[in-house]
Enquirer: 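First the structure, then my questions, so here it is.
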Amino acid sequence: NAGVTQTPKFRILKIGQSMTLQCTQDMNHNYMYWYRQDPGMGLKLIYYSVGAGITDKGEVPNGYNVSRSTTEDFPLRLELAAPSQTSVYFCASSYSSYEQYFGPGTRLTVT
Amino acid sequence: QKEVEQDPGPLSVPEGAIVSLNCTYSNSAFQYFMWYRQYSRKGPELLMYTYSSGNKEDGRFTAQVDKSSKYISLFIRDSQPSDSATYLCAMSAISGTYKYIFGTGTRLKVLA
């Protein structure tokens with residue numbers, strides 16, 4: 001099993017550009033999550049999904065959108081990128097509600 | 001006041017030392033507690049999970065919860081250079097929730 005995979009690993013965006021961060025898991029987990037991790041700020045939940053077709057906002061959803069058309073994929077869309085979205089983004093999935101498996105992260109810089 | 005407080009470190013210890021990592025929290029409703037380990041430029045991985053108060057041991061790792069003091073700890077015995085990482089605590093009030101509050105992480109360096 002590859003676990004949770006994320007692409008790209010790194011990306012530099014200009015202000016106002018858009019992009020999609022890809023996340024795929026091969027563990028047949030129903031639950032999937034997107035977090036951002038800023039220095040000194042811990043992990044903040046952006047969006048989560050409890051199954052295909054079901055998504056909900058987390059703590060910091062503004063500026064982001066998600067979709068969940070399949071169990072495996074949970075892409076995160078950034079529209080009109082802003083410098084405040086410079087961060088490391090982690091996707092995670094879980095079978096139960098507590099043991100989350102994280103991907104390797106995407107480092108995004110918006111300039 | 002943050003809901004979860006964690007000293008960012010770095011904490012440097014010699015190999016073989018006992019390490020104590022701690023988090024304090026303000027929400028008395030928290031009853032599900034986790035410790036994650038995160039190596040540099042990697043995603044976090046779950047180390048320990050505890051419910052309510054008490055101790056839980058797994059090999060060289062012991063997780064301790066003191067709900068009366070709103071304080072949780074992770075002890076690492078016989079620390080190794082491979083334990084060098086950032087340790088994040090996370091906690092929640094509700095079973096089955098997907099919304100855990102994470103601490104900011106403590107960076108640990110174990111010196112050979």
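Computation of the quantities below employed the complete heavy-atom set of this structure, encompassing side-chain atoms and omitting hydrogens, waters and symmetry-equivalent molecules. So you know, we letter chains A, B, ... as the sequences are listed, proteins then strands, and number each from 1. No experiment lies behind these values; they were computed from the predicted model shown.
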Enquirer: Is there a path from A/M41 to A/W34 through hydrophobic residues (I, L, V, M, F, W, Y) whose side chains come within less than 4.5 Å of each other?
Expert: no
Enquirer: A quick test of your reading: do over 12 heavy atoms of other residues, nucleotides or ligands sit less than 6.0 Å from NZ of B/K67?
Expert: yes
Enquirer: At a heavy-atom distance under 4.5 Å, which candidate from A/Q6, A/K9, A/Q37 has the highest pair count against chain B?
Expert: A/Q37
Enquirer: In terms of heavy-atom proximity below 4.5 Å to chain A, should B/Q38 be classed as side chain, backbone, both, or neither?
Expert: side chain
Enquirer: Top residue by heavy-atom pair count (under 4.5 Å) with chain B, among A/F102, A/Y101, A/F90?
Expert: A/F102
Enquirer: Please tell me whether B/Y71 and B/Y25 form a close aromatic pair, meaning their ring centres lie under 6.0 Å apart.
Expert: no
Enquirer: Identify which of B/A90, B/G103, B/P44 forms the greatest number of heavy-atom pairs closer than 4.5 Å to chain A.
Expert: B/P44
Enquirer: State whether B/E5 and B/K70 are salt-bridged, where the test is any N-O pair (Lys NZ or Arg NE/NH1/NH2 against Asp/Glu carboxylate O) under 4.0 Å.
Expert: no
